[in-house]
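This report concerns only the one structure given below.
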Amino acid sequence: MTEIILRVFFSGLAAIFLCGCLFIFPALKSLRVPQSLFKLLLLAIFFSPFIFYLVAAFLGIKFGNPRNFFYLLPVYFLVVFSGLKKLLPAKNIFYFSGTFILILLLFSGFSSSNKFWQKAYLERAMLRQAAETGSGARVISYTQRTVWPFYYYVQKYGLPQRTFPWDSGRNPEMNLDFLARDKDLRGFTVIGDKGLSLKDGYSLGTKLFKLKETIFLQANFGPSWLWGYSSDHPVNAIKIMIFNES
Amino acid sequence: MEKTLPKKAYFIHLGIILLLYLLIRLPLLDKPLQHDEVYNTFVYLHAAPFSQTAATSLSLEQPLFNWKTDGIRQIAMHPPFLSAFYYCWIRIFGDGEISLHLPVIILGLAGLVLLYFLGSIIFGSAVGFFAALATSFSIAHIEYSTQAIHAIFEVFILLFSLFLLYKYISTKEKKFFYALPVINLFGILIYYHYWVYLTAQTLILWFYRRELKPAKINFILVFIGALLFIAFVFRCFMAKLYNYDFWMLPDFKTLVNVIVGLPTHIIR
């Protein structure tokens, strides 16, 4: 249910964004600097990477990481809220709708919508990684602590705590995750960096580290394109560690 | 131009943005480093061109990861400026969580302030205010503004450049035009896809060259730079340095998903 709500919400945001784009187009009639020009410039900035990407796709080049689009986020929201303002010119309704969007954005971090892919893909990804690492590898799955920011306040002020999907299933050995936290980073050696594609567009980005005699692999994996949720969605982040026992 | 608000209203808006931004970010200041941060920090300290650190011995049959063996790939992925910045930063402030997260949290906030002003000028203060808060509340921004990687630097540079461009176009004061190449230089030294934005910016300036009278040398430098950049990317591409399986699938659906999911994209 949460997933459906979030899909509808983010699709709605995208629809308002497209409305905003349409409202900006009339600026073409009067290309006076600065304001009309700037609205168009914002659109050009937003869409030019997509054009660049489409050209690359046309040439058959698999090019780039979706994170490359992140810098467009402020422009995206400018166009969304300018579109909302045009759609809802009444001041009160605009403020009400804007606040509603903000609240939904803030609480979209609650989502546990990726449960299904944990079940479907975790095992497959682990097995594949284990096979690649070698027969002596031991696979331990674990979750990282959520970065949902209000968890901090919930903990601090003793409010009822929310149990996150995989917190209860932690393996005690997951504390090894915090090697990164406790040890001097200069003790690490990075010995590999690669990405693997799983079926259906799912991806697995991996980094291989070495700390003293322990070699471990950290992997992000998830449905890169499924509604924007990916491996490191704050609540749903899952990593895999593969330890070489020797 | 939207009607201007009294100064007090601007301060109230900025105060709310600051308060909510810090309320969300400060608990994350000392969050455990994500694996990309650990990896990047290693790159900053070991693989940066100015680092003399030798690679340590490895027991796995993996290629050695140091500047000699992996430097070209590193430069193919990201320009070296951020590595240089963090190299110096870590030498001064250490490589703890707070030390690594502090620059990005500050830059994230500075970017929101710029976004608020830019949005206020172009679409009105309400739009600027809501856009700044929405950016601040988006999962992607929360995550990236507390991670010692490139992403939040890109946002800040883009907004700063847009702000300078707006000031130049609206006031026609040359000081803003002279500041533009400086910030553009930082942009292309921080992330390569800044060239896409820089091309759009240059085309706008070219289109209005009679009205704005920008220096011709600007166009010449951008043109030469773009040619060099294309040659560089082409060379790296032919050398299969961008050969990552998990990169974007070239189809239209992917682009639609990027637009729908932009506020939530957390992909490394």
Side-chain angles (χ1 to χ4, degrees), chain A residues 10-11 14 33-35 38 41 44-45 48-50 52 57 62 64-71 73-74 76-78 81-82 85 98 102 105-106 108-109 147 149 152 178 180-181 185-186 188-192 195-197 201 203 205 207 215 218 220 224-225 227-230 232-234, chain B residues 1 24 27-28 31-33 35 38-39 41-42 45 56 58 60 62 65 95 115 119 122-123 127 130-131 133-135 137-141 143-144 151 154-155 158-159 166 169-170 193 196-197 200 204 208 244-250 254-255 257-262 264-268:
Chain A
F10 285 116
S11 301
V33 285
Q35 216 173 3
F38 239 77
L41 181 63
I45 287 163
S48 50
F50 288 86
F52 173 77
K62 209 173 177 183
N65 185 310
R67 185 165 64 189
N68 293 348
F69 292 91
F70 172 71
Y71 75 115
L73 188 69
Y76 179 87
F77 278 122
L78 276 181
F81 283 100
S82 73
K85 198 178 174 187
L102 290 183
L105 269 174
L106 195 57
S108 60
V147 297
Y152 169 84
F178 301 107
R181 181 188 178 91
L185 287 173
R186 279 162 288 199
F188 282 91
T189 307
V190 180
I191 54 179
L196 299 170
S197 284
S203 68
K207 304 274 192 274
I215 294 162
Q218 290 192 307
N220 285 335
S224 304
W225 306 114
W227 299 96
Y229 296 124
S230 70
D232 282 298
H233 186 287
Chain B
M1 180 76 70
I24 296 170
L28 305 177
K31 71 171 181 174
L33 296 176
H35 76 299
V38 178
Y39 172 79
T41 310
F42 182 89
L45 290 173
T56 51
L58 303 171
L60 272 190
Q62 295 280 342
F65 182 93
D95 57 6
L115 173 64
I122 301 170
F123 296 107
V127 171
F130 274 108
L133 279 185
T135 308
F137 288 178
S138 112
I139 299 164
H141 196 275
E143 184 71 7
Y144 284 140
E154 302 173 5
V155 173
L158 174 78
L159 288 167
Y166 181 82
I169 287 173
S170 59
H193 45 278
V196 180
Y197 160 71
I204 295 283
Y208 287 92
Y244 278 71
D245 288 345
F246 62 90
W247 274 3
M248 297 195 298
L249 302 171
T254 300
L255 294 184
N257 278 343
V258 169
I259 292 181
V260 173
L262 196 58
T264 66
H265 273 309
I266 310 288
I267 296 175
R268 296 176 183 82

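Quick note on labels: first sequence line is chain A, next is B, and so on, each numbered from 1.
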Review point. Passes side-chain contact (heavy atoms from CB on, under 4.5 Å), B:Leu115 versus A:Leu78? Steps please.
Key: CA-CA 8 Å; B:Leu115 173 64; A:Leu78 276 181; 3.7 Å; yes
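- Separation of the A:Phe70 and B:Tyr144 ring centroids falls under the 6.0 Å cut-off.
- Applying the ring-ring contact (aromatic ring centres under 6.0 Å, His included) criterion to B:Tyr197, with sequence neighbours excluded, gives B:Tyr194.
- When all heavy atoms of B:Val260 and A:Ser11 are compared, the pair lying nearest together is CG1-N, 4.0 Å.
- Under the rule for a ring-ring contact (aromatic ring centres under 6.0 Å, His included), A:Phe77 has no partner lying at least two apart in sequence or in another chain.
- If you take CG on B:Leu158 and CG on A:Leu73, they are separated by 11.0 Å, rounding to the nearest 0.5 Å.
- The two atoms that bring A:Gly98 and B:Phe130 nearest to each other are C-CE2, 3.4 Å, heavy atoms only.
- Taking CD1 of B:Ile169 as the start and CG of A:Leu41 as the end, the distance is 7.0 Å to the nearest 0.5 Å.
- Taking every heavy atom of both residues into account, A:Phe69 and B:Leu262 meet most closely at O-CD1, 3.5 Å.
- For the pair B:His193/A:Tyr71, a side-chain contact is recorded, criterion being any heavy-atom separation below 4.5 Å from C-beta on.
- Contacts between B:Leu133 and chain A at a heavy-atom distance below 4.5 Å involve backbone atoms as well as side-chain atoms.
- Minimum heavy-atom separation, A:Pro74 to B:Thr135: CA-OG1, 4.0 Å.
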